[in-house]
Amino acid sequence: MMMTEEELLARLLYRDGLMLVLDKPAGIPVHAGPGGGDNLESHFDGLRFGFPNPPSLAHRLDRDTAGCLVLGRHPKALRRLGILFQEGRVAKTYWAVVAGQPADNSGKIDLPLHKISDARRGWRMVVDRDNGQPSVTLWRVRGRGELPGIGPIAWLELNPKTGRTHQIRVHTQSLGCPVLGDPIYGGQPDGTGLPLHLLSRAITVPIQATKDPVTVTAPVPPHMRAALLACGWGDEDPSTLNPPPPPRPEPVSPVAGAASPAGAPQSARPAAGPPARSGKPGNAPSRGGGRRRPHP
């Protein structure tokens with residue numbers, strides 16, 4: 001899929017002087033791969049908002065995973081975010097619709113993962129207790145249901161405590177319930193062509209030591225709605241997910257690494273439709289703001 005600058009701006013969930021949070025769409029990689037093609041990172045220049053350089057990725061999401069993606073706005077913020085992710089201090093919540101239904105309603109998956117590759121299947125992650133990296137995911141069932149032509153499904157909420165590649169996809173497979181639409185780990189029923197039903201639903205970032213962590217929630221993407229409704233999800237109004245904090249002016253030409261004295265939050269809700277251009281850098285509206293609450 002191709003993405004325009006206006007579409008990217010419309011997916012901005014949160015903005016302050018240190019970081020941005022995007023609602024990444026499924027089907028587009030976050031950065032350029034060996035095969036080329038469109039990617040989110042190639043559009044980041046449109047997210048400077050008056051800063052001298054575009055933001056950078058603080059972590060990664062798979063091409064086909066949707067939802068919360070964190071960007072650092074300058075090198076100092078990016079280093080801070082890198083430490084938070086590395087130390088496991090960023091709380092991540094995923095929603096997945098899986099094929100089949102777990103026997104239990106909750107649990108902990110502690111299975112080390114290792115990357116392998118072969119000429120026929122390409123690369124993938126496998127459970128390897130001898131050579132794998134530690135990988136831990138907490139999970140619980142939020143609903144159960146059935147889809148025509150698919151059979152029993154379940155809506156899971158997952159909290160990965162480590163950040164391994166394909167962690168949730170392999171861990172749900174280990175339950176006997178792969179993510180619906182996953183062609184690598186057994187979640188793609190023959191002939192269905194379903195997209196991956198995996199959403200980075202919410203993320204909580206303690207970006208400033210003297211302030212409450214920032215929590216941002218991504219809306220359910222269209223391709224997951226039918227399956228979630230079948231599992232008892234009650235629908236939602238995306239405009240209510242991230243009430244904005246009081247807006248504050250943003251510097252027009254900050255020096256990289258000094259966005260504001262304390263990285264003060266600066267966020268605003270957009271007008272309906274594509275974001276308007278005011279002609280003043282730093283005043284482009286974003287969709288919603290981040291709810292601030294204590295770390296869960």
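Residues: numbered from 1 along the sequence shown.
In terms of modelled atom types and a separation under 3.5 Å, the side chain of Asn242 and the main chain of Thr217 share a donor-acceptor contact. Side chain of Ser200 to main chain of Cys68: a donor-acceptor pair is present (N/O by atom type, distance under 3.5 Å, no hydrogens or angles). Looking only at distances, no side-chain donor or acceptor of Thr65 sits under 3.5 Å from a matching main-chain atom of Leu199. With hydrogens and angles ignored, the 3.5 Å screen pairs a side-chain donor or acceptor of Arg80 with a backbone N or O of Ile207. Checked by atom type and distance alone, the side chain of His74 pairs as donor or acceptor with a backbone atom of Ala77 at under 3.5 Å. Using modelled atom types, one side-chain atom of Gln188 and one backbone atom of Leu194 make a donor-acceptor pair closer than 3.5 Å. Arg164 places a side-chain N or O within 3.5 Å of a backbone atom of Pro134 that can act as its donor or acceptor partner. No donor-acceptor pair closer than 3.5 Å links the side chain of Asp62 to the backbone N or O of Asp64.
Note: Ile109 CD1 to Leu175 CG = 4.0 Å, rounded to the nearest 0.5 Å. In this structure, NZ in Lys92 is found 10.0 Å from CG in Asn159, a value given to the nearest 0.5 Å. Annotation: the span from Ile168 atom CD1 to Leu196 atom CG amounts to 10.0 Å, rounded to 0.5 Å. To the nearest 0.5 angstrom, His43 atom NE2 is 5.5 Å from Ile28 atom CD1. Atom CE of Met19 sits about 9.5 Å away from atom CG of Leu84, to the nearest 0.5 Å. The NE2 atom of His31 sits 10.5 Å away from atom CG of Leu40, with the distance rounded to the nearest 0.5 Å.
Residue Leu229 comes nearest to Asp235 through the heavy atom pair CD2-N, 4.3 Å, listed as atom of the first residue, atom of the second, then distance. Closest non-hydrogen pair, Trp139 versus Lys108, comes out as NE1-N, 3.8 Å. Across Leu111 and His171, no two heavy atoms sit closer than the pair O-NE2, 3.1 Å. Taking all atoms of both residues into account, the shortest heavy-atom contact from Leu158 to Ala96 is CD1-CB, 3.7 Å. Between Lys24 and Gly27, the shortest heavy-atom contact is NZ-N, 4.3 Å. Contact between Leu156 and Pro102 at its shortest, heavy atoms only, is CD2-CG, 4.1 Å.
Ion pairing between a basic and an acidic side chain is recognised when a charged N comes within 4.0 Å of a carboxylate O; Arg11 and Glu5 show no such pairing. Contact check on Asp16 versus Arg73 returns no salt bridge, with no Lys/Arg side-chain nitrogen under 4.0 Å from an Asp/Glu carboxylate oxygen.
Hydrophobic clustering (ILVMFWY, side-chain heavy atoms < 4.5 Å, transitive): Val97 and Ile184 are in distinct clusters. Put simply, Val98 and Trp155 are part of two different groups of oily side chains (I, L, V, M, F, W, Y) that touch within less than 4.5 Å, one to the next. Following chains of ILVMFWY side-chain contacts shorter than 4.5 Å, one can reach Leu180 starting from Trp233, so the two form part of one hydrophobic cluster.
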Does the pair Lys161 and Glu87 meet the rule for a salt bridge (charged side-chain N to carboxylate O under 4.0 Å, His left out), with working shown?
CA-CA 10 Å; Lys161 299 304 179 182; Glu87 294 180 350; over 6 Å; no
Go through the steps to decide whether His59 and Leu69 satisfy the test side-chain contact (heavy atoms from CB on, under 4.5 Å), and finish with yes or no.
CA-CA 7 Å; His59 66 132; Leu69 180 69; 3.7 Å; yes
Check step by step if side-chain contact (heavy atoms from CB on, under 4.5 Å) holds for Thr204 and Val214.
CA-CA 5 Å; Thr204 298; Val214 175; over 6 Å; no
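Checked by atom type, the side-chain pair Glu157/Thr93 shows no donor-acceptor distance below 3.5 Å. Checking Asn105 against Arg144 by side-chain atom types alone, a donor-acceptor pair falls below 3.5 Å.
Taking the side chain as every heavy atom from C-beta outward, Val220 and Glu236 approach each other to under 4.5 Å.
For residues 123-134, the pairs satisfying side chain to side chain donor-acceptor pair (under 3.5 Å) are Asp118-Arg124, Asp128-Asn131, with sequence neighbours left out.
For His197, the ring pair (Phe, Tyr, Trp, His ring centres under 6.0 Å) criterion is met by His223, not counting sequence neighbours.
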